There are 2 protein chains.
Amino acid sequence: MDRLLDPELFRLLSEPTRVKLLSCLIKCGRPCSVTEIAECCSIDFSVVSRHLSSMAKLGVLDATKEGRTVWYEARTSEIAERFRAIADSIDQWKSQSCCNGAGRVCE
Amino acid sequence: MDRLLDPELFRLLSEPTRVKLLSCLIKCGRPCSVTEIAECCSIDFSVVSRHLSSMAKLGVLDATKEGRTVWYEARTSEIAERFRAIADSIDQWKSQSCCNGAGRVCE
DNA sequence: TGTATAGTTGCATTATGACGTCAGCATGCA
DNA sequence: TGCATGCTGACGTCATAATGCAACTATACA
């Protein structure tokens with residue numbers, strides 16, 4: 001579980017700006033360029049570029065370079081899968097909690 | 001989906017310290033006091049208090065005051081449910097993406 | 001070759017938030 | 001009533017990171 005509860009992934013999603021971009025890409029359902037998203041969301045495109053590349057680096061987005069434009073697309077299935085895995089692993093821990101009434105579990 | 005992709009929830013989970021506390025509570029499977037967790041995880045208890053109360057405020061933990069001690073317990077099922085809802089909603093968007101090839105979706 | 005376009009990166013500024021200390025509050029108990 | 005305990009809240013400090021601007025690189029095209 002501790003592996004799945006990846007702080008880095010959540011850090012990405014803790015930024016309203018990034019969530020806005022991601023949500024935009026998920027809803028769009030097709031690859032979008034940096035300029036396109038920047039215009040669509042009214043955010044400085046250097047900011048958009050940085051956010052998108054950081055999300056791509058963490059496997060949340062797919063990036064495809066084609067000429068001078070980069071097409072970003074949300075890895076929708078993988079993201080959903082990741083959340084489901086977390087849910088499953090939490091449920092699993094729930095059903096086998098280790099210290100009924102006493103004991104240390106932190107380390 | 002924008003409602004489910006709550007940056008506040010992810011912000012909670014983006015802090016390694018908080019994740020440690022949450023993971024500890026989930027694994028423990030029983031209510032724990034602030035002092036208990038602070039000792040168990042070797043973290044200053046004012047820090048623990050702050051983190052636990054913020055997680056309780058966001059519905060991740062249950063807080064029960066009993067005399068001077070506060071018992072915190074992970075809302076395991078609710079958390080898992082929340083992640084599943086996110087996964088479902090992402091899948092749903094995927095299957096009905098709104099702007100095939102054009103159009104604005106951000107606002 | 002010159003110019004326009006698409007995107008990235010460096011930099012300074014600003015904002016956010018985590019931490020530890022300490023004081024304060026409520027509760028329990030002698 | 002006085003004191004100990006469990007926790008919370010305010011404050012100052014520090015580190016991280018988000019932002020906007022401008023300089024830069026790379027590609028396309030006339």
Side-chain angles (χ1 to χ4, degrees), chain A residues 5-25 28 30-58 60-74 102 104 106, chain B residues 5-25 28 30-74 101-102 104 106:
Chain A
L5 283 178
D6 177 15
E8 266 310 297
L9 170 65
F10 294 126
R11 199 181 63 75
L12 284 188
L13 301 173
S14 69
E15 245 291 309
T17 308
R18 267 192 299 265
V19 173
K20 190 177 178 185
L21 298 175
L22 177 61
S23 155
C24 177
L25 276 168
C28 211
R30 62 174 176 87
C32 299
S33 71
V34 174
T35 312
E36 197 174 6
I37 300 177
E39 280 174 0
C40 181
C41 299
S42 312
I43 299 172
D44 185 282
F45 79 100
S46 82
V47 172
V48 172
S49 166
R50 257 190 296 259
H51 282 321
L52 294 185
S53 89
S54 71
M55 287 196 276
K57 208 167 282 171
L58 240 88
V60 173
L61 305 181
D62 253 337
T64 314
K65 188 157 186 172
E66 188 184 311
R68 351 170 232 204
T69 72
V70 179
W71 298 103
Y72 283 103
E73 184 170 20
R104 308 190 146 224
C106 291
Chain B
L5 281 179
D6 177 16
E8 268 308 297
L9 170 66
F10 294 126
R11 199 183 63 75
L12 285 187
L13 300 172
S14 70
E15 244 293 308
T17 309
R18 266 192 300 263
V19 172
K20 189 177 179 184
L21 298 174
L22 178 61
S23 156
C24 177
L25 276 168
C28 210
R30 62 173 176 88
C32 298
S33 71
V34 174
T35 312
E36 196 174 8
I37 299 178
E39 281 174 358
C40 182
C41 298
S42 314
I43 300 173
D44 186 283
F45 80 101
S46 84
V47 172
V48 172
S49 166
R50 253 191 302 258
H51 283 322
L52 295 186
S53 87
S54 70
M55 287 196 276
K57 208 167 284 174
L58 242 88
V60 172
L61 305 181
D62 253 335
T64 314
K65 187 154 191 178
E66 187 184 311
R68 336 168 244 208
T69 72
V70 179
W71 299 102
Y72 283 102
E73 184 170 20
R104 309 190 143 223
C106 291

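Everything quoted here is computed from the prediction, not taken from an experiment. First the proteins, then the strands, lettered A, B, ... as listed; each starts at 1.
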Query raised in the report: Looking only at heavy atoms, which two atoms of A:I43 and A:K20 are closest? And how far apart?
Result: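 Nearest heavy atoms, A:I43 then A:K20: CD1-CD, 4.5 Å.
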Query - Atom of B:P7, atom of B:L5 and distance for their closest heavy-atom approach - result: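 Scanning both residues, the minimum pair turns out to be CD-O, 3.1 Å.
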Report summary line: Out of C:dT8, D:dT8, D:dA28, minimum distance to the side chain of B:V34 belongs to D:dT8
Taking atom [atom2] of [N] as reference, at what distance in whole Å does atom [atom1] of [X] sit?
X	N	atom1	atom2	result
A:L52	C:dA6	CG	C1'	13 Å
A:K65	C:dT8	NZ	P	7 Å
B:K57	D:dT8	NZ	C1'	10 Å
B:R68	C:dG28	CZ	C1'	4 Å
B:E39	D:dG6	CD	C1'	12 Å

Requested in this report: Say whether, by atom type as modelled, one donor and one acceptor occur between the side chain of B:R18 and the main chain of B:H51 under 3.5 angstrom.
Outcome: no
Requested in this report: Please state whether the phosphate of C:dT8, meaning OP1 or OP2, lies under 4.0 angstrom from any side-chain nitrogen or oxygen of A:S49.
Outcome: yes
Close N or O pairs between protein and nucleotides 17-23 of chain D (under 3.5 Å):
from   : atom 1 : to    : atom 2 : distance (Å)
D:dA18 : OP1    : A:R11 : NH1    : 3.2
D:dA18 : OP1    : A:R18 : NH2    : 3.0
D:dA18 : OP2    : A:R18 : NH1    : 3.4
D:dT19 : OP1    : A:T17 : OG1    : 2.6
D:dT19 : OP2    : A:H51 : NE2    : 2.5
D:dG20 : N7     : A:R50 : NH2    : 3.4
D:dG20 : O6     : A:R50 : NH2    : 2.8
D:dC21 : N4     : A:S46 : OG     : 3.1

Query raised in the report: Taking the nucleotide of DNA chain D with the closest heavy atom to each, which residue, A:E66 or B:T69, is nearer the 5' end?
Result: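 Between the two, 5'-proximity favours B:T69.
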Query raised in the report: Roughly how far apart are B:R68 CZ and B:T35 OG1, rounded to 0.5 Å?
Result: 10.0 Å
Query raised in the report: Which distance, rounded to the nearest 0.5 Å, do you find between the OH of B:Y72 and the NZ of B:K65?
Result: 9.5 Å
Query raised in the report: Should A:L9 and B:L13 be marked as a side chain to side chain contact (heavy atoms under 4.5 Å, CB included) after you check the CA-CA gap, both sets of side-chain angles, and the distance that decides it?
Result: CA-CA 9 Å; A:L9 170 65; B:L13 300 172; over 6 Å; no
